[in-house]
Protein chains: 2
Amino acid sequence: MPRPAVPREEIVDRLGEVFRRHGYEGASLKLLSGATGLGRSSLYHYFPNGKEDMAEAVLDQAEAWGANTLGPVLASDAAPEEKARRVVAAFDDFYSGGKRSCLLELFAIGDARDVFGDRVAQRLTTLTQILARIAEEAGHAAPDAARRAEAAMVAIHGGLVVSRGLGDTAPFRRALDTLPDTLIR
Amino acid sequence: MPRPAVPREEIVDRLGEVFRRHGYEGASLKLLSGATGLGRSSLYHYFPNGKEDMAEAVLDQAEAWGANTLGPVLASDAAPEEKARRVVAAFDDFYSGGKRSCLLELFAIGDARDVFGDRVAQRLTTLTQILARIAEEAGHAAPDAARRAEAAMVAIHGGLVVSRGLGDTAPFRRALDTLPDTLIR
DNA sequence: GTCTATAGGAAGATAGAC
DNA sequence: GTCTATCTTCCTATAGAC
């Protein structure tokens, strides 16, 4: 494993940007190549299965973010209100304040759905459970906590969609603002 | 204008299903042709500018739905609560209870965004204003009504995204259930 | 690891016969 | 209106030299 000039993490980051902006089918090798500065051949060197491998790597990275960022928040002994606040900040950062789209949304369309559909569903479920956990810690019974977590997921993704459609991050930010109350109050 | 065997409305309907399922770039002429039963040449006969014209027609039809369905609800002299209830029923029907995706979401990605981005933004704005109108009739001041309408739009589109990702319409339906309260209470 | 070259297919779109 | 045939461009993917 020789180390490349550009760290793999950075490469996957740039691939992710293309997938987020153009969706799976719209992310052509030309775009992927241009965004990373790697020629087609180099891309196939790093990702032998081509586009599918690249998308997989981007999803891996997003899941790693969840484990590394949300995990510690959950494991901390902070109050539920504080945990909610930190989770909101994490999502705000992850989606660049509403400028980025969510891969789980884009990979549930067309051909990508056939390949990544199960993984998307599992990831949405996991994230919902994390949020539900916080609602439970705030004293809500499991079924109520689950509903609150679902509403929070709906707000996050709806905020992203509306913000993208309007070309204005304000709706996403306002949606995030309501999250702590949605989960806890 | 000779009349075709299949009414144009039905053709546009079927085109819409392909766009909703595969997005703009994923909706190939092959899929579009198969879904309508029309050969490529026939499609170009109806839509001289190809895919772009087809997508335009689908958007036109969606806007017509808005004028024909939401318009009368708004114009009626029903109570705001009843209007909200009817609007929710209309959205539920339009999105087939959560099984359909929203074109405004899909057409804000990749190449489609360059062509339809402005129209998407305008449509989202119009729909938000319609919802805000109901909130105002329920007694909320304009800024508050606008925030409530935005939250409703976020809930609708977030519900669609989460439902699609999970392959389960329940989140969308629960999101719709909260709409009247979001707009009015 | 990166390059050039290219295969092989699918994409969108058009032309002309019927 | 629909058909067949065709054009061009773009796509993913691979091969082999360096």
Side-chain angles (χ1 to χ4, degrees), chain A residues 1-59 103 106-107 109-116, chain B residues 1-59 103 106-107 109-116:
Chain A
M1 267 206 211
R3 74 203 97 125
V6 180
R8 185 186 164 95
E9 191 177 290
E10 172 68 20
I11 292 173
V12 177
D13 243 10
R14 297 189 192 174
L15 293 175
E17 287 304 310
V18 178
F19 283 120
R20 278 175 224 277
R21 224 185 296 275
H22 297 271
Y24 184 74
E25 320 218 17
S28 67
L29 288 189
K30 189 176 178 177
L31 287 172
L32 265 359
S33 171
T36 54
L38 298 174
R40 273 156 224 254
S41 306
S42 301
L43 281 179
Y44 275 96
H45 176 75
Y46 287 108
F47 308 96
N49 264 349
K51 218 163 112 169
E52 198 174 312
D53 272 4
M54 300 182 214
E56 208 90 56
V58 172
L59 282 176
L103 291 171
L106 304 174
F107 284 5
I109 296 169
D111 291 352
R113 184 183 185 87
D114 302 334
V115 185
F116 303 109
Chain B
M1 268 206 212
R3 75 202 95 126
V6 180
R8 185 185 165 96
E9 192 178 288
E10 172 68 20
I11 290 173
V12 177
D13 244 10
R14 298 188 192 175
L15 294 175
E17 288 303 311
V18 178
F19 283 118
R20 278 175 225 277
R21 224 186 297 275
H22 297 271
Y24 185 74
E25 320 218 18
S28 67
L29 287 190
K30 190 177 178 176
L31 286 172
L32 264 0
S33 172
T36 54
L38 297 174
R40 269 159 224 253
S41 306
S42 300
L43 280 178
Y44 276 94
H45 176 75
Y46 288 109
F47 308 97
N49 265 349
K51 218 163 113 168
E52 198 174 313
D53 271 5
M54 299 182 217
E56 208 91 56
V58 172
L59 281 177
L103 291 171
L106 303 174
F107 284 7
I109 297 169
D111 291 351
R113 185 183 185 87
D114 302 333
V115 185
F116 303 110

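These numbers come from the heavy atoms of this one structure, side chains and all, not from hydrogens, waters or symmetry mates. Chain letters run A, B, ... following the sequence lines, proteins first and then strands; every chain starts at 1.
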Exercise. Should A:Phe47 and A:Glu52 be marked as a side-chain contact (heavy atoms from CB on, under 4.5 Å) after you check the CA-CA gap, both sets of side-chain angles, and the distance that decides it?
Worked result: CA-CA 8 Å; A:Phe47 308 96; A:Glu52 198 174 312; over 6 Å; no
Problem set entry | Geometric class of the B:Phe116/B:Tyr24 ring pair [parallel <30°, tilted 30-60°, perpendicular >60°] |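 Taking B:Phe116 first and then B:Tyr24, their aromatic rings stand perpendicular (interplane angle over 60°).
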Exercise. Picking from C:dG12, C:dA15, C:dT2, which would you name as closest to the side chain of A:Ser42?
Worked result: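 Nucleotide nearest to A:Ser42's side chain: C:dT2.
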Exercise. Where the side chain of B:Ser41 is defined as all heavy atoms beyond and including C-beta, which of D:dC3, C:dT14, D:dT12 is the nearest nucleotide?
Worked result: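 Per side-chain heavy atoms of B:Ser41, the pick is D:dC3.
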Exercise. Under 3.5 Å, is there a donor-acceptor pair between the side chain of B:Lys51 and the main chain of B:Leu32?
Worked result: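 No.
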Rounded to whole Å, how long is the line connecting atom [atom1] of [X] with atom [atom2] of [N]?
{"X": "B:Lys30", "N": "C:dA11", "atom1": "NZ", "atom2": "C1'", "value": "11 Å"}
{"X": "A:Tyr46", "N": "D:dA13", "atom1": "OH", "atom2": "C1'", "value": "19 Å"}
{"X": "B:Lys51", "N": "C:dA10", "atom1": "NZ", "atom2": "P", "value": "16 Å"}
{"X": "A:Glu25", "N": "D:dC11", "atom1": "CD", "atom2": "P", "value": "13 Å"}
{"X": "A:Ile11", "N": "C:dT2", "atom1": "CD1", "atom2": "C1'", "value": "12 Å"}
{"X": "A:Leu29", "N": "C:dT6", "atom1": "CG", "atom2": "C1'", "value": "15 Å"}
{"X": "A:Leu31", "N": "D:dC10", "atom1": "CG", "atom2": "P", "value": "12 Å"}
{"X": "A:His45", "N": "D:dT14", "atom1": "NE2", "atom2": "P", "value": "15 Å"}

Problem set entry | Whichever of A:Gly50 and B:Gly37 has its nearest DNA chain D nucleotide further upstream toward 5' |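 Result: B:Gly37.
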Exercise. When only distance counts, do a donor and an acceptor, one from the side chain of A:Ser28 and one from the base of D:dT12, lie under 3.5 Å apart?
Worked result: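 There is none.
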Exercise. Under a 4.5 Å cut-off applied to non-hydrogen side-chain atoms, are A:Leu106 and A:Phe19 in contact?
Worked result: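 Not in contact.
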